[in-house]
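Right, one structure below, let's go through it.
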Amino acid sequence: MTTPFIRRATPGDTDAVLRILRQTYEATWKPELTPDAVARFERSGHTRRYVDERLCAMYVAESGGEVAGLIDWDKDFIDALHVSPDHQRHGIGSKLLQQAEAAIAAAGHAQVRLETDTFNHAARSFYLRHGYAETGFYPDEEWHSGFTTVQMTKKL
């Protein structure tokens with residue numbers, strides 16, 4: 001596996017970012033959702049709107065000549081970290097997380113925060129390995145999924 005190259009996303013990355021978000025949704029969240037929640041989410045157009053609004057703030061990881069992952073943050077909060085299933089467990093998520101943490105620290109923040117879901121054991125383990133602590137649990141009110149959200153925090 002080649003070392004990932006991290007760079008700011010460009011409009012030319014739109015299809016790759018949408019592909020990665022679709023892949024991680026189908027592999028991680030969709031199997032956990034009820035059929036009604038799946039239908040509601042897939043009708044919403046949320047993913048496309050999110051990419052249209054945030055793409056130029058995202059960073060992507062290239063590996064082997066293709067976009068393999070992405071990260072998006074605002075102030076001290078990581079909104080998204082996704083790695084294509086074909087590229088997981090090769091250090092890409094760690095490199096993206098390091099990029100965000102360094103930028104958040106450079107902006108003067110003393111901590112970084114993010115959210116995941118209690119069922120997402122792989123993500124929780126990943127963040128715990130990278131020094132995050134689980135600091136709160138609350139019902140998912142953004143997606144109305146029935147999931148429990150986990151807030152995770154790391155001091156910088």
Side-chain angles (χ1 to χ4, degrees), residues 1-32 41-42 44-136 140 142-143 145 147 149-156:
M1 183 52 84
T2 61
T3 301
F5 172 69
I6 310 296
R7 63 173 174 78
R8 177 130 2 221
T10 68
D13 297 317
T14 299
D15 289 343
V17 167
L18 287 168
R19 173 185 48 79
I20 291 167
L21 292 172
R22 184 183 68 252
Q23 289 172 332
T24 57
Y25 160 72
E26 289 177 358
T28 304
W29 287 276
K30 188 174 181 176
E32 302 292 328
F41 176 76
E42 292 179 1
S44 74
H46 170 79
T47 303
R48 182 60 196 224
R49 281 192 311 278
Y50 169 67
V51 172
D52 288 346
E53 291 170 10
R54 295 291 304 167
L55 181 70
C56 290
M58 293 180 190
Y59 280 76
V60 296
E62 285 186 13
S63 182
E66 70 175 310
V67 174
L70 64 103
I71 194 160
D72 178 29
W73 70 89
D74 185 31
K75 298 181 179 88
D76 72 341
F77 190 84
I78 296 175
D79 290 308
L81 171 57
H82 295 265
V83 176
S84 170
D86 294 340
H87 293 277
Q88 291 176 0
R89 304 203 185 285
H90 295 113
I92 292 170
S94 295
K95 293 285 274 188
L96 287 164
L97 189 59
Q98 290 168 0
Q99 173 76 28
E101 290 173 351
I104 291 167
H109 298 284
Q111 70 175 4
V112 60
R113 302 172 301 124
L114 57 87
E115 295 174 338
T116 190
D117 297 295
T118 53
F119 77 84
N120 194 341
H121 301 291
R124 290 170 73 187
S125 294
F126 172 81
Y127 292 119
L128 288 169
R129 281 193 315 274
H130 285 85
Y132 287 76
E134 294 180 345
T135 55
D140 165 38
E142 180 179 4
W143 299 104
S145 63
F147 298 149
T149 299
V150 181
Q151 179 177 349
M152 301 186 80
T153 305
K154 178 180 179 179
K155 298 226 181 285
L156 297 174

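The chain is numbered in sequence order, starting from 1. Everything quoted here is computed from the prediction, not taken from an experiment.
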**Complete:** Separation between CG (L97) and CZ (R129), nearest 0.5 Å, reads 11.0 Å

**Asked** With a 3.5 Å cut-off and no angle check, do the side chains of W29 and N120 form a donor-acceptor pair?
**Response** no

**Message:** Do the side chains of R19 and D15 get close enough for a salt bridge, i.e. N-O under 4.0 angstrom?
**Reply:** no

**Asked** For S44, does its backbone N or O pair with a side-chain atom of H46 as donor and acceptor, under 3.5 Å?
**Response** no

**Message:** Main chain of Y25, side chain of T28: is a donor-acceptor contact present, judged purely on distance under 3.5 Å?
**Reply:** no

**Request:** Could you go through the side-chain contact (heavy atoms from CB on, under 4.5 Å) check for E101 and L156 one step at a time?
**Result:** CA-CA 8 Å; E101 290 173 351; L156 297 174; 4.3 Å; yes

**Item:** N/O donor-acceptor pair under 3.5 Å between R124 side chain and T118 backbone
**Value:** yes

**Request:** Could you tell me the separation between the OG1 atom of T135 and the CE atom of M152, rounded to the nearest 0.5 Å?
**Result:** 8.0 Å

**Request:** Would you check if L96 and Q99 make a side-chain contact, meaning some heavy-atom pair closer than 4.5 Å?
**Result:** no

**Message:** Distance check, rounded to the nearest 0.5 Å: D86 atom CG versus I92 atom CD1?
**Reply:** 10.0 Å

**Request:** Find the distance between CG (D79) and CZ (R113) and round it off to the nearest 0.5 Å.
**Result:** 9.5 Å

**Request:** Work out which heavy atom in P85 is nearest to a heavy atom in T24; give both atom names and the distance.
**Result:** CD-CG2, 4.4 Å

**Request:** Taking all heavy atoms of L81 and all of G93, pick out the closest pair and write down the distance.
**Result:** CD2-O, 4.0 Å

**Message:** Any heavy-atom pair between the side chains of L55 and V17 that's under 4.5 Å?
**Reply:** yes

**Prompt:** Which is it for F77 and I104 under the side-chain contact (heavy atoms from CB on, under 4.5 Å) test, yes or no, and what are the steps along the way?
**Reply:** CA-CA 9 Å; F77 190 84; I104 291 167; over 6 Å; no

**Asked** Do Y59 and D72 have side-chain atoms, one donor and one acceptor, less than 3.5 Å apart?
**Response** no

**Asked** Strictly by modelled atom types, are Q111 and T153 linked by a side-chain donor-acceptor pair under 3.5 Å?
**Response** no

**Prompt:** Do the side-chain N and O atoms of H130 and S94 include a donor-acceptor pair separated by under 3.5 angstrom?
**Reply:** yes

**Prompt:** Where do T14 and V51 come nearest, in terms of heavy atoms and distance?
**Reply:** CG2-CG1, 4.1 Å

**Prompt:** Can you check whether T149's main-chain N or O pairs, donor with acceptor, with E115's side chain at less than 3.5 Å?
**Reply:** no

**Prompt:** Would you say the side-chain atoms of S125 pair up with the backbone N or O of A122, donor to acceptor, closer than 3.5 Å?
**Reply:** no

**Message:** Quick check for you: to the nearest 0.5 Å, what is the distance between K154 atom NZ and L128 atom CG?
**Reply:** 11.5 Å

**Message:** Do Y132 and Q151 pair up side chain to side chain, a donor and an acceptor below 3.5 Å, judged on atom types alone?
**Reply:** no

**Prompt:** Is R8 reaching over with its side chain to a backbone N or O of C56, donor-acceptor style, under 3.5 angstrom?
**Reply:** yes

**Complete:** Minimal heavy-atom distance between T47 and F41, with the atoms involved, is OG1-CZ, 3.4 Å

**Message:** How long is the straight-line distance from CG of L18 back to CZ of R48, given to the nearest 0.5 Å?
**Reply:** 5.0 Å

**Asked** So does D13 pair up with R7, basic N to acidic O under 4.0 Å?
**Response** yes

**Asked** Going through the checks in order, is the side-chain contact (heavy atoms from CB on, under 4.5 Å) test met by L21 and L70?
**Response** CA-CA 9 Å; L21 292 172; L70 64 103; 4.2 Å; yes

**Prompt:** Going through the distances and angles, do R54 and M58 end up as a side-chain contact (heavy atoms from CB on, under 4.5 Å)?
**Reply:** CA-CA 6 Å; R54 295 291 304 167; M58 293 180 190; 4.1 Å; yes

**Donor-acceptor contact below 3.5 Å, side chain H87 vs main chain S84** = no

**Request:** Can you see which heavy atom on A68 is nearest to which on I20, and at what distance?
**Result:** C-CD1, 3.6 Å

